[in-house]
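Being a predicted model, the structure only gives us computed values, none of them experimental.
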Amino acid sequence: MTQAQVTELEEQLATLKGEFIAFQNDPEAMKARIAELESGEGNQPPEGDQKPSEVQPINYAGLKVDELRAVLTEKGIAFESGAKKDELLALIPKE
């Protein structure tokens, strides 16, 4: 596996972790997903069938400061320990 592939996979992992954090902090989204799964409408395609273009972008502005710090840390992006939310948001690369 090349370094470029490793880097790409690490970025995908950081993105998914950020999405998971955002999902955990949205009780309404969780309730909707549970209802979807219980009704049988939430069937997801096997992992290999999802194309990268189908991944929904994360609303980083909706994350808390601690969550933004976690996302930046996962992406390997350095930030000041006392950085404000706006400063942290500015460090996240545009997707």
Side-chain angles (χ1 to χ4, degrees):
M1 187 173 281
T2 67
Q3 184 60 39
Q5 291 173 316
V6 170
T7 302
E8 181 181 343
L9 290 172
E10 287 174 343
E11 288 176 2
Q12 289 176 359
L13 177 62
T15 299
L16 290 172
K17 283 184 177 182
E19 289 174 356
F20 180 67
I21 291 168
F23 182 74
Q24 282 181 311
N25 291 310
D26 188 350
E28 293 305 313
M30 288 193 301
K31 288 177 188 175
R33 181 66 178 138
I34 290 168
E36 200 175 274
L37 292 170
E38 287 175 342
S39 70
E41 296 173 10
N43 296 333
Q44 291 195 357
E47 290 181 23
D49 289 352
Q50 187 176 19
K51 297 179 181 101
S53 61
E54 295 175 7
V55 175
Q56 296 295 320
I58 300 172
N59 176 15
Y60 291 109
L63 298 178
K64 297 177 183 174
V65 173
D66 290 344
E67 296 166 341
L68 287 170
R69 288 182 179 148
V71 169
L72 290 169
T73 300
E74 286 294 323
K75 289 184 178 268
I77 300 171
F79 54 88
E80 297 289 326
S81 62
K84 305 284 185 221
K85 184 173 183 174
D86 293 345
E87 297 167 329
L88 296 173
L89 287 169
L91 295 173
I92 296 177
K94 304 293 182 219
E95 296 179 359

Please report the shortest heavy-atom distance between Leu68 and Lys85, naming the atom on each side. CD1-CG, 3.6 Å

Can you tell me how far the CG atom of Leu16 sits from the CD atom of Glu74, to the nearest 0.5 Å? 11.0 Å

For Ala83 and Val65, work out which heavy atoms get closest and say how close. O-CG1, 4.5 Å

Residues, nucleotides or ligands: over 12 heavy atoms within 6.0 Å of Phe79 CZ: yes

For the hydrophobic clusters of this structure (ILVMFWY residues joined by side-chain heavy atoms under 4.5 Å, transitively), does one cluster hold both Ile77 and Tyr60? yes

Distance, nearest 0.5 Å, that separates CD of Glu8 from CD of Glu11: 7.5 Å

Could you check whether any side-chain N or O of Arg69 sits under 3.5 Å from a backbone N or O of Ser81, counting only pairs where one atom can act as donor and the other as acceptor? yes

Residues two or more places apart in sequence or in another chain: which of them pass side chain to side chain donor-acceptor pair (under 3.5 Å) with Gln5? Thr2

Just wondering, do Val71 and Leu88 contact through their side chains at under 4.5 Å, heavy atoms? no

NZ on Lys75 to OG1 on Thr15, rounded to 0.5 Å: 3.5 Å

Around Lys64, counting heavy atoms of other residues, nucleotides and ligands shown, do more than 12 lie under 6.0 Å from its NZ? no

